[in-house]
Amino acid sequence: QVQLVESGGGLVQAGGSLRLSCAASGRTFSRYVMGWFRQAPGKEREFVAAISWSGGGTYYADSVKGRFTISRDNAKNTVYLQMNSLKPEDTAVYYCAAKSGGGNYYRPGTYDYWGQGTQVTVSS
């Protein structure tokens, strides 16, 4: 069982930055692929970024590539999402998720555990 708790969301002006954190419980954090997803009102949950268990592989949605950076610290059981050059269309609830199995990293259904989400609002 893994419990995930996100933090770091808030209100920021367009062009600004935020850093999200996701703290995980359990001693097997390093075995999980970690992902960030987001969901805007009236829209489906969408993939943002993912990182392999070692941190050696990172993957991004085209909409955030070059602006967002995912990283992890296995010693601290934490995954981060650095978000720069934020745009109003980045406004959403951001969720972190953990998956232990295979399957496409960009599909929400392949993840085993989810956090409660943190709101990110970007004003124009």
Side-chain angles (χ1 to χ4, degrees):
Q1 186 78 11
V2 176
Q3 292 185 329
L4 304 173
V5 179
E6 302 97 333
S7 61
L11 173 64
V12 64
Q13 290 187 334
S17 298
L18 282 174
R19 188 193 197 201
L20 305 184
S21 298
C22 173
S25 65
R27 294 177 290 178
T28 59
F29 174 76
S30 61
R31 299 180 185 178
Y32 291 88
V33 170
M34 300 298 297
W36 285 98
F37 291 77
R38 66 187 182 187
Q39 189 166 17
K43 295 187 177 182
E44 293 186 353
R45 192 167 297 189
E46 65 173 0
F47 170 74
V48 174
I51 188 166
S52 65
W53 64 271
S54 67
T58 56
Y59 314 91
Y60 298 94
D62 288 342
S63 59
V64 306
K65 202 171 293 183
R67 300 189 298 123
F68 291 10
T69 302
I70 188 171
S71 61
R72 67 189 297 163
D73 186 337
N74 286 342
K76 295 182 179 180
N77 280 14
T78 302
V79 62
Y80 306 97
L81 186 67
Q82 178 67 43
M83 305 186 296
N84 299 329
S85 302
L86 282 162
K87 305 175 181 180
E89 51 263 44
D90 295 318
T91 295
V93 177
Y94 282 71
Y95 299 89
C96 80
K99 67 194 300 292
S100 60
N104 295 319
Y105 55 84
Y106 55 85
R107 291 185 177 176
T110 65
Y111 286 77
D112 303 299
Y113 304 102
W114 291 85
Q116 82 290 348
T118 185
Q119 177 70 47
V120 171
T121 303
V122 184
S123 63
S124 58

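Both backbone and side-chain heavy atoms feed into the values below; hydrogens, waters and symmetry mates do not.
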[X] (side chain) donor-acceptor with [Y] (main chain) under 3.5 angstrom:
{"X": "Thr118", "Y": "Ser7", "result": "no"}
{"X": "Asp90", "Y": "Val120", "result": "no"}
{"X": "Glu6", "Y": "Cys22", "result": "no"}
{"X": "Thr91", "Y": "Val122", "result": "yes"}
{"X": "Arg72", "Y": "Ser52", "result": "yes"}
{"X": "Gln39", "Y": "Ala92", "result": "no"}

So, for [X] and [Y], which heavy atoms are closest and what is the spacing to 0.1 Å?
{"X": "Ala23", "Y": "Thr78", "value": "CA-OG1, 4.2 Å"}
{"X": "Val93", "Y": "Gln119", "value": "CG2-OE1, 3.2 Å"}
{"X": "Gly115", "Y": "Tyr95", "value": "O-CD2, 3.6 Å"}
{"X": "Asn74", "Y": "Ser30", "value": "ND2-CB, 3.6 Å"}

Open item on the list: Would you say CD of Gln3 has more than 12 non-hydrogen atoms from neighbouring residues, nucleotides or ligands within 6.0 angstrom?
Closed with: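 No - once you tally the heavy atoms of other residues, nucleotides and ligands closer than 6.0 Å, there are 12 at most.
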Counting C-beta onward and ignoring hydrogens, is there a side-chain heavy-atom pair between [X] and [Y] closer than 4.5 Å?
{"X": "Ser63", "Y": "Arg38", "result": "yes"}
{"X": "Gln1", "Y": "Tyr113", "result": "yes"}
{"X": "Arg31", "Y": "Ser100", "result": "no"}

Can you hop from [X] to [Y] via hydrophobic side chains spaced under 4.5 Å?
{"X": "Trp114", "Y": "Ile70", "result": "no"}
{"X": "Phe47", "Y": "Met83", "result": "no"}
{"X": "Leu4", "Y": "Tyr94", "result": "yes"}
{"X": "Leu81", "Y": "Ile51", "result": "yes"}
{"X": "Leu18", "Y": "Trp36", "result": "yes"}

Task: Ionic contact status for Asp62 with Lys65, cut-off 4.0 Å - done: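 Salt bridge: yes.
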Open item on the list: Using the rule given for ring pair (Phe, Tyr, Trp, His ring centres under 6.0 Å), can you reason through Phe37 versus Tyr111, listing the C-alpha separation, both sets of side-chain angles and the distance that settles it, and then say yes or no?
Closed with: CA-CA 11 Å; Phe37 291 77; Tyr111 286 77; 5.0 Å; yes
Mind checking the [atom1]-[atom2] spacing from [X] to [Y]? Nearest 0.5 Å is all I need.
{"X": "Thr121", "Y": "Leu86", "atom1": "OG1", "atom2": "CG", "value": "10.5 Å"}
{"X": "Ser124", "Y": "Glu89", "atom1": "OG", "atom2": "CD", "value": "10.0 Å"}
{"X": "Asn84", "Y": "Arg67", "atom1": "CG", "atom2": "CZ", "value": "9.0 Å"}
{"X": "Phe68", "Y": "Thr58", "atom1": "CZ", "atom2": "OG1", "value": "14.5 Å"}

Open item on the list: Under 4.5 Å side-chain heavy-atom separation, chaining through any Ile, Leu, Val, Met, Phe, Trp or Tyr, what else clusters with Tyr80? Say none if it is isolated.
Closed with: none
